[in-house]
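Here's the structure we're looking at; comments come further down.
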Protein chains: 2
Amino acid sequence: MTVSLAEIREQSGEVFTDGCPTRVVLDHIMSKWGVLVLLALTDGTHRWGELRREVEGISEKMLASTLRTLEADGLVVRTAHPEVPPRVDYALTELGHDLMEHMLPLVGWVARESDGIVGRSAD
Amino acid sequence: MTVSLAEIREQSGEVFTDGCPTRVVLDHIMSKWGVLVLLALTDGTHRWGELRREVEGISEKMLASTLRTLEADGLVVRTAHPEVPPRVDYALTELGHDLMEHMLPLVGWVARESDGIVGRSAD
DNA sequence: CAGGATCCTCTATGATACTG
DNA sequence: CAGTATCATAGAGGATCCTG
């Protein structure tokens, strides 16, 4: 099992340096809203309006922006149905599912440990 | 294995909602510099100056700020040696190692897949 | 309904200089 | 060496109105 940055670099080269593509991807998928949107989509396909409600507190602007970024990255697929009123839904691509398979253990850990972390400064 | 947000919520309750502590922790550990600092520390204890060089591009201000946050969260431990000139080093706590054990698979995935993701918009 | 366009705010982040 | 203090700024993010 991989346990250090050094091991990752043995396999993938000098990653996570300044200007490295890995930093861009990190910014996309680990951004404030990126994680939450991806997370919501692990429950399956969602419509725009559903995502707005599911990802509590996100503004329309950030939802649109986040979805466009994730779509450009090939992690999310957008499907517009030719109807009136419009219906558009979003889902994870295969790459997106692959990503979330690796991210969910971390997210699960955060869900379990957060109570013990936040407010610790008040010790 | 956990495969969706719904499953996480079955186990941990209504997490990742607005105002939930999980969002704060997410912001700390998945912040631009938080990830990179934590990642650098998976290689072992580092001195302040080493971290500045290891985490390419980070400013002194952000390094200080990031380290203080992670220390307050109990993920990183700071040790000041009573010497002249001063020597201070930083290391992951047990909790920090536990966290990184869950984060490294994701980081490894990013290292492997990033080339295929960035620039995809130029298809 | 699903966004686009605008305007505005604030905070994360940077650059520089200084100190125990 | 290991920071802190200050000043400055871009861009993340929010609120609102508008439209196919």
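Each chain gets a letter, A, B and so on, in the order the sequences are listed, and its residues count up from 1.
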Counting C-beta onward and ignoring hydrogens, is there a side-chain heavy-atom pair between A:R78 and A:L67 closer than 4.5 Å? no

Is any side-chain heavy atom of B:P21 less than 4.5 Å from a side-chain heavy atom of A:D115? yes

Within a strict 4.5 Å, meaning less than it, do heavy atoms of the A:F16 and A:L26 side chains meet? yes

Using a 4.5 Å cut-off on heavy atoms from C-beta on, say whether the side chain of A:M30 contacts that of B:V35. yes

Heavy atoms, side chains only, cut-off 4.5 Å: are B:H81 and B:D89 in contact? yes

Need two values: the first and the last nucleotide of DNA chain D, 5' to 3', having an atom under 4.0 Å from any heavy-atom of chain B. D:dC1 to D:dC7

Considering residues, nucleotides and ligands other than B:E94, do more than 12 of their heavy atoms fall under 6.0 Å from its CD? no

Which residue pairs satisfy the side chain to side chain donor-acceptor pair (under 3.5 Å) criterion with at least one member in residues 44-58 of chain B, sequence neighbours excluded? B:H46-B:E50, B:R52-B:E60

Report whether A:L95 and A:L92 are members of the same hydrophobic cluster (ILVMFWY, side-chain heavy atoms less than 4.5 Å apart, transitive linking). yes

Residue closer to the 5' end of DNA chain C, A:P85 versus A:A64 (nearest nucleotide): A:P85

What's the spacing between A:L41 CG and A:L36 CG if we round to 0.5 Å? 11.0 Å

For A:R87 and C:dG3, give me the distance from atom CZ to atom P, rounded to whole Å. 12 Å

Residues from residues 40-53 of chain B lying under 4.0 Å of DNA chain D - heavy atoms: B:R47, B:W48, B:G49

Would A:V118 and B:L99 show up in the same hydrophobic cluster when neighbours are defined by side-chain heavy atoms closer than 4.5 Å? yes

What string of B, S and - do you get for nucleotides 9-15 of chain C, 5' to 3', when a contact is any protein heavy atom under 4.0 Å? ----BBB

Rounded to 10°, the angle between the first-five-pair and last-five-pair axes of the helix from C:dC1-D:dG20 to C:dG20-D:dC1 is 60°

Residue-phosphate contact under 4.0 Å: A:R78 side-chain N/O, C:dG3 OP1/OP2: yes

Side chain to side chain donor-acceptor pair (under 3.5 Å) pairs touching residues 17-38 of chain A, sequence neighbours excluded, are A:H28-A:D73

Taking atom CD1 of B:I29 and atom CD1 of A:I117, what is their separation to the nearest 0.5 Å? 7.0 Å

Whether the side chain of B:T42 engages the backbone of B:L39 through a donor-acceptor N/O pair (distance < 3.5 Å, no angle test) should be reported. yes

